[in-house]
Amino acid sequence: MQAIYLADLHVHSSYAISTARDITIPALAQWARCKGIQLLATGDFTHPAWRAHVRDLVRPAAGDLFTYADTHFILGAELSCVFRHGGKTRRLHLLVYVPSFAVVEKICAFLDRAGAKLAGDGRPTISLHARELTSAILELEPRSLVIPAHAWTPWYALFGSKSGFAALDECFGDLAPAIPALETGLSSDPAMNWRVPDADGRSIVSFSDAHSPRNLGREATAFYGPMTFDGLAAALRTEGIAYTLEYYPEEGKYHATGHRACNVRYLPADTNARGTVCPVCGRPLTVGVLERVEALATRPEFALVADERGFLHGPDGRPPFRHVVPLAQILAEALGVGERTKTVSRVYTALTTAIGSEFGVLLDAPVADIADVAGERVADGIRRMRRGDVAVEPGYDGRYGAVRLWPDET
Ligand SMILES: [Zn+2]
Ligand SMILES: [Zn+2]
């Protein structure tokens with residue numbers, strides 16, 4: 001059997017806009033261990049203060065990675081490109097990974113010269129065409145990895161309905177083959193992505209985009225092969241993925257189409273019947289991920305087959321995936337309390353300590369062992385989650401959807 005490691009490579013620091021204040025390398029490492037994740041991205045390597053913090057705390061490890069306590073780190077950042085193309089303003093986020101601090105310094109110097117305000121936002125805005133930026137990064141270090149982030153979200157994504165592209169070629173031109181992967185984002189899952197030709201021959205990866213340490217791993221990818229920078233690059237280029245763990249895509253905050261302020265939510269059947277203009281305010285609706293995938297898809301939905309662990313298998317050669325609900329969310333619903341309560345935190349700690357990690361609890365631990373620690377009700381919640389026996393109300397226009405394990409109890 002090949003070695004497998006679980007990775008979450010879309011992470012932010014406290015210096016990125018709208019993130020929590022308590023993000024530190026020790027906090028990230030502690031939560032990664034608790035979740036069962038072996039490799040994290042540092043996030044935000046372009047931010048000088050965060051970079052100094054990372055540099056102070058991590059130690060170099062084999063294969064151009066770094067460690068803190070039990071957790072491995074890869075140098076990673078998210079860049080927000082805003083540029084004109086084809087007479088339209090385009091906005092898209094790119095995930096970038098590099099093998100050394102020396103390369104980080106070169107990229108930061110380049111971005112600085114390009115006028116980016118790196119000390120402002122941990123996810124800096126770069127006024128360069130995504131193709132030019134990718135080309136510059138690959139020229140500075142050919143081993144660098146560039147992956148379009150949350151590829152489908154309306155406002156800041158490669159395929160986004162508001163300011164994105166219809167195809168990878170259209171954006172990256174001759175550099176399209178250098179893009180090894182697409183990140184699903186919370187509002188889509190691999191099966192949705194497989195319907196689009198640009199996903200052929202590319203890895204479909206899932207990461208958390210966590211804005212606080214406790215949200216690490218709400219999506220994650222299990223890679224095959226050696227846990228090194230080049231091992232990861234090879235896995236990305238050959239779809240060397242054992243599986244991905246996914247949010248229910250309906251739970252993502254841009255899954256359906258709609259207007260949050262007007263309380264209008266449309267699924268594709270609604271937009272087919274009524275179009276994409278808001279019946280309340282008359283402005284265009286925010287076209288969601290489901291609609292956008294439908295627009296760019298060239299093939300119908302795949303029939304998925306679930307295995308005994310609840311992993312969904314699609315076409316030959318594509319890695320399986322499964323939907324998971326974060327443990328704190330399951331506990332909150334099972335125990336009838338808020339997610340951030342002491343009760344949830346106590347049971348969460350008891351379970352993850354007894355079983356070893358959150359993913360151990362969610363995916364593999366015998367339900368009887370869960371019942372012993374947390375009671376029958378929690379065990380039943382895990383059983384329902386594993387069977388996919390959940391009701392999901394779709395999110396739209398920036399509002400998260402809601403997953404219910406006991407939809408009949410209100
Ligand atoms: Zn982003
Ligand atoms: Zn409206």
Side-chain angles (χ1 to χ4, degrees), residues 8-20 23 40-47 50 76-83 90-97 111 116 118 120-126 128 130 133-134 145-165 171 179 181-188 205-212 215-216 218-219 221 247 252-267 270-271 274-289 291-292 395-400:
D8 182 354
L9 306 182
H10 189 160
V11 174
H12 286 289
S13 74
S14 298
Y15 298 99
I17 285 169
S18 82
T19 57
I23 308 174
L40 281 186
T42 59
D44 298 0
F45 69 50
T46 52
H47 194 281
W50 178 249
E78 184 182 30
L79 307 178
S80 178
C81 297
V82 179
F83 56 97
R90 315 291 179 135
R91 298 182 183 85
L92 65 96
H93 288 181
L94 294 176
L95 297 168
V96 178
Y97 307 97
L111 296 176
L118 300 183
D121 183 352
R123 185 197 302 96
T125 297
I126 317 294
L128 286 176
L133 177 62
T134 303
L145 297 165
V146 178
I147 298 174
H150 41 74
W152 295 96
T153 52
W155 299 100
Y156 290 100
L158 173 63
F159 297 135
S161 59
K162 289 285 183 189
S163 51
F165 294 82
C171 174
I179 305 295
L182 298 170
E183 188 197 30
T184 62
L186 300 183
S187 299
S188 85
V205 292
S206 294
F207 306 126
S208 69
D209 196 357
H211 289 192
S212 77
N215 283 338
L216 284 179
R218 54 188 180 174
E219 296 204 328
T221 299
Y247 239 43
K253 57 185 179 182
Y254 291 106
H255 186 74
T257 291
H259 261 175
R260 182 155 55 153
C262 304
N263 255 314
V264 172
R265 176 177 57 198
Y266 280 7
L267 291 171
D270 303 311
T271 54
R274 287 173 264 173
T276 54
V277 169
C278 179
V280 177
C281 71
R283 286 179 298 128
L285 295 171
T286 304
V287 171
V289 165
E291 194 79 41
R292 188 66 179 152
Y396 65 104
D397 195 23
R399 177 181 290 169
Y400 279 108

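Atoms within a ligand are numbered from 1 in the order they appear, just like the ligands themselves.
Rounding to the nearest 10°, we obtain 110° for the angle at the Zn ion (ligand 2) between Cys262 SG and Cys281 SG.
Proximity of a side-chain donor or acceptor of His12 to a complementary backbone N or O of Gly43 within less than 3.5 Å is not detected. Of the possible polar contacts, none joining the Glu183 side chain to the Val205 backbone as a donor-acceptor pair under 3.5 Å is found. The main-chain N or O of Leu9 is found under 3.5 Å from a side-chain atom of Tyr97 such that the two form a donor-acceptor pair.
In this structure, Phe165 and Phe83 have parallel ring planes: the angle between them is below the 30° cut-off, well short of the 60° mark.
Closest approach between the Zn ion (ligand 1) and any N/O/S atom of Glu78 involves OE2. The atom of His150 that is an N, O or S and sits closest to the Zn ion (ligand 1) is NE2. Looking only at N/O/S atoms, His93 comes nearest to the Zn ion (ligand 1) through ND1. Per residue His259, closest N, O or S atom to the Zn ion (ligand 2): atom name ND1.
Of all non-hydrogen atoms in Val287 and Ser161, the two that sit nearest each other are O-OG, 2.8 Å.
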